[in-house]
Amino acid sequence: MKKHILCLGDSNTHGYCADPRDCADGGNRFNEDERWTCRLQAALGAGYLVTEEGLSGRTTVFPDPLH
């Protein structure tokens with residue numbers, strides 16, 4: 001049975017790329033070879049499942065307007 005790791009976070013976890021020239025494919029999100037969550041999955045191997053749940057703009061600095 002695989003061990004599961006859930007990565008909750010902000011734009012860093014999502015893999016947001018502010019400058020498309022910095023991304024391998026020119027998009028607004030780093031590809032799977034570049035995102036830290038995917039690198040973690042590769043480093044841990046087949047015995048783990050890393051799930052990324054990043055959301056750009058998610059923050060704890062400001063109060064939640066919907067709370």
Side-chain angles (χ1 to χ4, degrees):
M1 176 182 254
K2 289 185 179 186
K3 294 181 181 181
H4 293 236
I5 298 174
L6 177 61
C7 300
L8 294 174
D10 57 9
S11 54
N12 291 321
T13 304
H14 174 73
Y16 175 72
C17 180
D19 187 349
R21 293 174 294 179
D22 291 337
C23 297
D25 63 359
N28 63 357
R29 187 176 188 204
F30 288 109
N31 65 27
E32 292 182 1
D33 293 335
E34 299 170 302
R35 293 196 302 266
W36 72 266
T37 49
C38 297
R39 289 182 177 220
L40 176 63
Q41 172 69 68
L44 292 174
Y48 290 83
L49 175 63
V50 176
T51 303
E52 57 184 39
E53 286 295 332
L55 177 64
S56 294
R58 180 182 285 156
T59 182
T60 59
V61 175
F62 304 108
D64 184 355
L66 301 176
H67 187 329

A.B. asks: Would you give the length of the straight line joining atom SG of C23 to atom CZ of R35, rounded to the nearest 0.5 angstrom?
C.D. replies: 10.0 Å
A.B. asks: Do you know the tightest heavy-atom contact between C7 and T13?
C.D. replies: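 Nearest pair, atom of C7 first, then T13: O-CG2, 3.5 Å.
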A.B. asks: Give me the atom names and distance for the closest heavy-atom approach of I5 to Y48.
C.D. replies: CD1-CD2, 3.8 Å
A.B. asks: Is S56 close to R29 at the side-chain level, that is, under 4.5 Å between some pair of heavy atoms?
C.D. replies: no
A.B. asks: With side chains defined as the heavy atoms from C-beta onward, is the minimum distance between L8 and E52 less than 4.5 Å?
C.D. replies: no
A.B. asks: Say you draw a straight line from CG of N28 to NE2 of H14; how long is it, rounded to the nearest 0.5 Å?
C.D. replies: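 Answer for the CG-NE2 pair, N28 versus H14, is 6.5 Å.
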A.B. asks: Using every non-hydrogen atom in the two residues, find where R39 and D33 come nearest and quote the distance to one decimal.
C.D. replies: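 Of all heavy-atom pairs spanning R39 and D33, the closest is NE-O, 3.1 Å.
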A.B. asks: Between Y16 and F30, what is the shortest heavy-atom contact and its length?
C.D. replies: O-CE1, 3.4 Å
A.B. asks: Looking at every non-hydrogen atom in both residues, tell me the closest pair between V50 and T37 and how far apart they are.
C.D. replies: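 Shortest heavy-atom separation between V50 and T37 comes out as CG1-O, 3.7 Å.
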A.B. asks: Using every non-hydrogen atom in the two residues, find where E34 and D22 come nearest and quote the distance to one decimal.
C.D. replies: OE2-O, 3.9 Å
